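Can you keep this structure in mind? I'll have questions shortly.
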Amino acid sequence: MPKLEFVDAHVHFYDMQHPELHYGHWQPDVDPPLIGKRMRELGERNFFAEDFIETTRASNVTKAVHVQAAIGAPDPVKETEWLEEAAERTGFPHAIVAYADLRHPDVERVLERHCEFPRMKGIRDFSYGDFLVADDFHKGYALLEKYNLHASIAAQCQDMDKLAALANKFPNTKIVIDHAGNPAERTDEFFTRWKQGMANAAVADNIICKISGLGMGDHNWTVDSIRPYVLGCIEAFGVERSIFATNWPVDSLFSDYDTVIAAYTEIIADFSDDEKRAMFAGNTEALYGV
């Protein structure tokens, strides 16, 4: 049986020698949550669009969405510019989710500059503190509708009520939950909390669930260990609001690309062909217009 066409909704390209970009999570003295010291291995090399194309050659990957990698760069628009150059050179990425500090008083100018590039489609802002309910965050977030941009938000299960409230306050802006809500544990107790949180978020129909990055909270994952989380996302959000991604190359620390795609394929084997195509490609293409 031929492999399903796959549109990867979450990838990272980076150039550690780029004079104007900084990659905070790839630095030798940084231990990001869930991953820790192993993340430093990625900073020992670069990962260009060409590397992604070579990595995915056997996986029937036809398109990809790049999500902010340059954390801490003085000018976030430089990453968008660099990615546009990569896309002109290689065809990848097809869409860009960039960074802007939505709490900054001059954030609109940053959004304007990002949107000078045709592949610009969304914003990810990790922000700080209780940002989902912060007035200054909401003020910047309100601009996303004006510029026809989606939001990517790294919310976890305990945040989902606030995320749903944000979505309801700004119903014309789509929110993509990154990495299935970043489930940090694999216990029955945690799964129950996580599942309830995802159900709380799914009440807002402008929230989409990105199923990806499951190796970050489960470094020795198996098909059986991630199956409840994959199916839990689809149960909460439905086929029409579920998209698949890999979080490459971060999740290369815990697996290889073909293994991840094969796991997803096995887990959704009982869905119809149309449903599989929607979650693997069509929903992401429609969301980002690619």
Side-chain angles (χ1 to χ4, degrees), residues 9-15 18-25 49 63-88 92-155 159 162-179 204-208 210 243 245 284-290:
H10 196 114
V11 303
H12 303 294
F13 305 155
Y14 56 93
D15 178 0
H18 193 291
E20 295 179 287
L21 297 179
H22 180 78
Y23 300 93
H25 282 181
K63 298 172 186 173
V65 179
H66 187 282
V67 180
Q68 173 211 13
I71 294 172
D75 181 359
V77 181
K78 291 295 181 181
E79 182 178 38
T80 301
E81 179 182 24
W82 180 73
L83 290 165
E84 279 284 345
E85 292 169 355
E88 291 294 330
F92 283 78
H94 298 74
I96 299 168
V97 176
Y99 169 71
D101 179 359
L102 293 175
R103 303 173 89 158
H104 195 283
D106 295 326
V107 67
E108 184 163 12
R109 178 57 186 147
V110 175
L111 297 179
E112 288 175 346
R113 292 174 57 227
H114 274 308
C115 290
E116 292 173 5
F117 298 95
R119 292 171 179 84
M120 176 66 183
K121 302 291 183 178
I123 289 293
R124 177 170 77 165
D125 178 10
F126 287 122
S127 200
Y128 54 89
D130 202 7
F131 70 94
L132 291 174
V133 297
D135 289 342
D136 55 352
F137 182 83
H138 285 198
K139 184 177 180 180
Y141 186 93
L143 294 168
L144 298 183
E145 180 181 357
K146 177 178 178 180
Y147 291 93
N148 195 28
L149 297 171
H150 305 320
S152 283
I153 297 183
D159 307 317
K162 294 174 183 177
L163 189 70
L166 178 70
N168 288 327
K169 183 176 180 179
F170 301 98
N172 296 323
T173 298
K174 287 186 169 62
I175 295 173
V176 180
I177 297 175
D178 280 342
H179 306 321
D205 61 11
N206 53 326
I207 298 182
I208 293 99
K210 184 191 296 171
I243 60 177
T284 298
E285 289 175 321
L287 177 64
Y288 292 107
V290 297

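The chain is numbered in sequence order, starting from 1. Keep in mind it's a predicted model, so treat the numbers as computed, not measured.
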Using 0.5 Å steps for rounding, measure from the CG atom of Leu111 to the CE atom of Met120.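 With rounding to 0.5 Å, CG (Leu111) is 6.5 Å from CE (Met120).
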His66 side chain to Thr80 backbone, donor-acceptor under 3.5 Å: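 Such a contact is absent between His66 side chain and Thr80 backbone.
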Using the side chain to side chain contact (heavy atoms under 4.5 Å, CB included) rule, take Ile123 and Tyr99 through it: C-alpha gap first, then chi angles, then the decisive distance, then the call. CA-CA 5 Å; Ile123 289 293; Tyr99 169 71; 6.0 Å; no
Please check if the side chain of Arg124 supplies one atom and the backbone of Ala154 the other of a donor-acceptor pair under 3.5 Å.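 Checking the backbone N and O of Ala154 against the side chain of Arg124, no donor-acceptor pair under 3.5 Å is found.
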Is the ring pair Tyr288/His150 parallel, tilted or perpendicular, if the boundaries are 30 and 60 degrees?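 Ring orientation of Tyr288 relative to His150: perpendicular.
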With side chains defined as the heavy atoms from C-beta onward, is the minimum distance between Lys139 and Val107 less than 4.5 Å?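 Side chain of Lys139 against side chain of Val107, heavy atoms only: no contact under 4.5 Å found.
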Pro76 versus Pro74, closest heavy-atom pair with distance: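 Minimum heavy-atom contact is CD-O, 3.8 Å.
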Give a yes or no on whether the backbone of Ala155 and the side-chain of His179 come within a donor-acceptor separation of less than 3.5 Å.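 Flag not set: sc His179 to bb Ala155 has no pair under 3.5 Å.
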Heavy-atom neighbours of Lys63 NZ exceed 12 at 6.0 Å: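 Correct, the count exceeds 12.
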Give the minimum heavy-atom separation between Arg103 and Tyr128, together with the two atoms involved.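 Heavy-atom minimum between the residues: NH1-O, 2.7 Å.
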Nearest non-hydrogen partners of Ile207 and Ala164, listed with the distance: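 For Ile207 versus Ala164, the nearest heavy atoms are CD1-CA, 4.1 Å.
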Do you know the tightest heavy-atom contact between Phe126 and Phe131?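 Scanning both residues completely, I find the closest heavy atoms to be O-CE2, 3.3 Å.
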Going from CH2 on Trp82 to CG on Asp15, what distance comes out if it is rounded to the nearest 0.5 angstrom?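 The distance works out to 5.5 Å.
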Working note: Cys115 + Asn148, criterion side chain to side chain contact (heavy atoms under 4.5 Å, CB included); need CA distance, chi angles, decisive distance, verdict. CA-CA 9 Å; Cys115 290; Asn148 195 28; over 6 Å; no
Ile177 and its side chain to side chain contact (heavy atoms under 4.5 Å, CB included) partner, picked from Ile208, Ile153, Leu163: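 That would be Leu163; it is the only one of Ile208, Ile153, Leu163 passing the side chain to side chain contact (heavy atoms under 4.5 Å, CB included) with Ile177.
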Donor-acceptor pair, distance only, cut-off 3.5 Å: does the side chain of Arg113 make one with the backbone of Val77?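 Answer holds: no.
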Say whether, by atom type as modelled, one donor and one acceptor occur between the side chain of Asn172 and the main chain of Glu145 under 3.5 angstrom.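 No; zero donor-acceptor contacts below 3.5 Å.
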Name of the residue among His22, Gln68, His18, Glu20 meeting side chain to side chain contact (heavy atoms under 4.5 Å, CB included) with Glu79: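 By the side chain to side chain contact (heavy atoms under 4.5 Å, CB included) criterion, Glu79 pairs with just one of His22, Gln68, His18, Glu20: Gln68.
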Test log, rule side chain to side chain contact (heavy atoms under 4.5 Å, CB included), inputs Val67 and Lys210: CA-CA 12 Å; Val67 180; Lys210 184 191 296 171; 4.0 Å; yes
Measure the shortest side-chain to side-chain distance between Asp125 and Phe137 over non-hydrogen atoms and say whether it is less than 4.5 angstrom.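 In contact.
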Is the ring pair Tyr141/Phe170 parallel, tilted or perpendicular, if the boundaries are 30 and 60 degrees?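 Tyr141 vs Phe170 ring planes: tilted.
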About how many Å separate NZ of Lys121 and NZ of Lys174, when rounded to the nearest 0.5 Å?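 Those atoms lie 12.5 Å apart.
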Do Glu112 and Lys146 meet the salt-bridge criterion of a basic N to acidic O distance under 4.0 Å?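 Not counted as a salt bridge, because no side-chain N and carboxylate O are separated by less than 4.0 Å.
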Between NZ on residue Lys78 and CG on residue Leu21, distance to nearest 0.5 Å: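 If we round to the nearest 0.5 Å, Lys78:NZ and Leu21:CG are 9.0 Å apart.
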For the residue pair Ala98 and His114, what are the closest heavy atoms and their distance?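 Reported closest heavy-atom pair: CB-CE1, 3.4 Å.
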Restricting to non-hydrogen atoms, name the atom on Arg119 and the atom on Ala87 that form the minimum distance, rounded to 0.1 Å.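 That closest heavy-atom pairing would be NE-CB, 3.2 Å.
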Okay, side chain of Asn206, backbone of Thr173: is any donor-acceptor separation there less than 3.5 Å?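 The answer is yes, because a donor-acceptor pair under 3.5 Å joins these two groups.
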Flag the pair Val176 / Val97 as yes when at least one side-chain heavy-atom distance between them is below 4.5 Å, and no otherwise.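 The answer is no; the side chains never approach within 4.5 Å.
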Applying side chain to side chain contact (heavy atoms under 4.5 Å, CB included) to His104 and Val110, what does each step give before you reach the verdict? CA-CA 10 Å; His104 195 283; Val110 175; over 6 Å; no
Main-chain N/O of Ala64 paired to His94 side chain as donor or acceptor, under 3.5 Å: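 Looks like yes, one N/O pair under 3.5 Å.
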Exceeds 12 heavy-atom contacts within 6.0 angstrom, atom CG of Asn168: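 For Asn168, atom CG is crowded (more than 12 foreign heavy atoms under 6.0 Å).
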